[in-house]
Chemist: 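I'd like to ask you about the structure that follows.
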Protein chains: 2
Amino acid sequence: MRRKVTLKQIAKELDISISTVSKSLRDSHEISEETRQKVQAFAKLYNYKPNNIALSLKNKKTKTIGIIIPEIVHHFFATVISGIEQVANEKGYNVIVCLSDESFDKEVINLEMLASGSTDGFIMSLSKETQQKKDFHHIEEVINQGMPVVLFDRITNDVFCDKVIIDDQQAAYDAVSFFIEKKYKNIALITTVDYVSVGKLRTEGYLKALKEHKIAAQNHLILKIEDIEHCQDSITELLQNNEIDAVFAVNELFAVTAIKTALKLGKKVPVDIAVIGFTDGIISQFSTPTITTVSQNGIKMGQKAAKILIDRLEKEEEDEQYTTEIIETNLVFRESTTT
Amino acid sequence: MRRKVTLKQIAKELDISISTVSKSLRDSHEISEETRQKVQAFAKLYNYKPNNIALSLKNKKTKTIGIIIPEIVHHFFATVISGIEQVANEKGYNVIVCLSDESFDKEVINLEMLASGSTDGFIMSLSKETQQKKDFHHIEEVINQGMPVVLFDRITNDVFCDKVIIDDQQAAYDAVSFFIEKKYKNIALITTVDYVSVGKLRTEGYLKALKEHKIAAQNHLILKIEDIEHCQDSITELLQNNEIDAVFAVNELFAVTAIKTALKLGKKVPVDIAVIGFTDGIISQFSTPTITTVSQNGIKMGQKAAKILIDRLEKEEEDEQYTTEIIETNLVFRESTTT
């Protein structure tokens, strides 16, 4: 059988990035005339037809919503999908999920694939690499083609579309303020590198809470982790500092690793060291001690995103006004903090 | 914009099941002549065109694999998806995931949607309701249309296709035999209702281990749970029996609930009561005590399923020989058992 040439194959063949291929096919002036011509000639030769199905379906609704998320082995994203499913099913829509695996290229490929006639619109959370590259042309492209996009959680201000977020800064501020009010003196932060938008905002919330309570931020109490899989060593190093009496962690894995590490170092939780995590997932509920967390309410976030998208899909006229919906968070108190 | 009428709408309008609509549109002789004519007339009137896109794409490959799983907030299925993604990405395939939410109707709808031009083949694990109804016509239908299907974990012997499973009976047999060799006397079983194929096989493994060691099975030590969300009460009732010194649970949630319940009843784990679970997920790793489990190796299962499917897609000739691949399991020893 004859195989269709893919964006990826064109990129590989011409030794350029998928992003460049995609932009060249759209005749983007970000790309040199020469490259554009080369890509277009190659695509023509191999019969590449972007959105060829979409064209034939132009006025047909698929009644399907595409979701693109960075990873699946992550309770938060799973709960958002559940929330989307609930609303979509009620309104008679199907849901298709694709994973970017934190890769920009996979995000582009999945978006192109689903935009080619499979879905009416998208609900997305950006991959780490997309946030790092700050290249959002693929998202703008589908919006320009008339397919609405709702971004959630990991969003960007560079794309005009509907968004559903929590107030990450405020949530972190609340958690750290709780520690300060309880008279903890040396509150450590375990966070991600800054290009992950939610990690950055949570770090800002931590700093803001300290500042407003006139506590000087100390660099040696702030740990920024790049490689989540191997966070154990740097957390051990951090917690060997016996001054630390409280830890705010920007995700569940950092929180549970901090607790396990503290216990290994002979510290008692919450007596010697109290811990608050972020994301109210399975680990927080089942680890011992159970973990106090900022609940993001993924179900509600998914429901809201689906409602916004479906409302937009079913409106007769195009609405150029976009909304950014903020879902409320709250602290769920458990055994890793004293009340 | 003109909306496409869906299977669901036809079913609702005519007050018949989705399965009946789907079979009628295929002119299945399982359905009465009268119903078939009614459905076909209605579908024609509202311009319903099953697989209209598929027809135009008949000789085109989408290089996309469709996955249909019962639920997403479940570590095992998430790891299988990761395994599928790994192999698919290596071989240049995209992956689309849809959820049946344990519903037969959603499984049919998702399969029809993805079969309409979006994917080359499928990797599926059956919904509870499909296993209960024993209606697999939707799967046979896509296979007949030339789209290969690989079933994994929750499978059926009634469909001829490739399958990837673990030996559920053997895995349960091994776990229970371990208890018997360690001289535990009253080994309880917490399992699902019998129509869930894997639950049934694990129950059989438990019974086989007892029988081969000449231990009489006792009904009051076997708990079959229908409603997973509300398993707490019946597990409490079971564990009030002070004879029980070991529990084999067919999933992670039952295992962690058994441990929490035992602790609440003032029993020590593993001293008073030892526990082995099934599925080596996040809960087993992070709960206290950590839980000894049968590891299903979801990643490996996903990789194998993807390899089998892609091999079949890329073969020049059709191969009528189907394989059933058995992935090895092993016991992962942790704190909930003494060694």
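A note on names: the letters A, B, ... follow the listed sequences, proteins ahead of strands, and every chain is numbered from 1. The figures here come from the full heavy-atom set of this structure, side chains too, leaving out hydrogens, waters and symmetry mates.
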Chemist: Can you tell me how far CG of B:Leu99 sits from CD1 of A:Ile96, rounded to the nearest 0.5 angstrom?
Modeler: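 Between atom CD1 of A:Ile96 and atom CG of B:Leu99 there are 11.0 Å.
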
Chemist: Tell me, do B:Met113 and A:Thr62 make a side-chain contact under 4.5 Å, heavy atoms counted?
Modeler: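 With C-beta onward as the side chain, the pair stays apart.
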
Chemist: Can you tell me which portion of B:Val256 sits under 4.5 Å from chain A's heavy atoms? Options are side chain, backbone, both or neither.
Modeler: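 For B:Val256, the side chain is the part near chain A, not the backbone.
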
Chemist: Could you tell me if the side chain of B:Glu85 sits less than 4.5 Å from the side chain of A:Ile72, heavy atoms only?
Modeler: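 SC-SC contact between A:Ile72 and B:Glu85 ruled out.
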
Chemist: Nearest 0.5 Å, please: how far is CZ in A:Phe286 from CD1 in B:Ile291?
Modeler: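 These two atoms lie 8.5 Å from each other.
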
Chemist: Would you find more than 12 non-hydrogen atoms of other residues, nucleotides or ligands less than 6.0 Å from A:Lys300 atom NZ?
Modeler: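 No, NZ of A:Lys300 has 12 or fewer neighbouring heavy atoms, counting only those of other groups under 6.0 Å.
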
Chemist: For the candidates A:Thr290, A:Ile282, A:Leu114, A:Asn89, which exhibits the highest count of non-hydrogen atom pairs separated by less than 4.5 Å from chain B?
Modeler: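 If we count pairs closer than 4.5 Å to chain B, A:Asn89 comes out on top.
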
Chemist: Side chain, backbone, both or neither: which part of B:Ile68 has a non-hydrogen atom closer than 4.5 Å to chain A?
Modeler: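 No part of it gets close to chain A.
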
Chemist: At their closest point, which heavy atom of A:Lys260 faces which heavy atom of B:Gln285, and how far apart are they?
Modeler: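 Closest pair (atom of A:Lys260, atom of B:Gln285, distance): NZ-O, 4.0 Å.
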
Chemist: Give the member of A:Thr79, A:Asp101, A:Ile67 that has the highest number of heavy-atom pairs under 4.5 Å with chain B.
Modeler: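 The option with the most such pairs is A:Asp101.
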
Chemist: Measure B:Glu71 against the heavy atoms of chain A and call it side chain, backbone, both or neither at under 4.5 Å.
Modeler: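 Neither part.
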
Chemist: What part of B:Ile81 gets closer than 4.5 Å to chain A, counting heavy atoms only: side chain, backbone, both or neither?
Modeler: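 When you check distances to chain A, only side chain atoms of B:Ile81 fall under 4.5 Å.
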
Chemist: Tell me, for A:Leu253 versus chain B, whether the close heavy atoms (under 4.5 Å) come from the side chain, the backbone, both or neither.
Modeler: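 Only the side chain of A:Leu253 comes within 4.5 Å of chain B.
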
Chemist: How close do A:Asn94 and B:Ile109 get, heavy atom to heavy atom, and via which atoms?
Modeler: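 So the minimum-distance heavy-atom pair works out to OD1-CG2, 3.1 Å.
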
Chemist: Does a sphere of radius 6.0 Å around CD in A:Glu13 hold more than 12 heavy atoms from other residues, nucleotides or ligands, not counting ones at 6.0 Å or beyond?
Modeler: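 No.
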
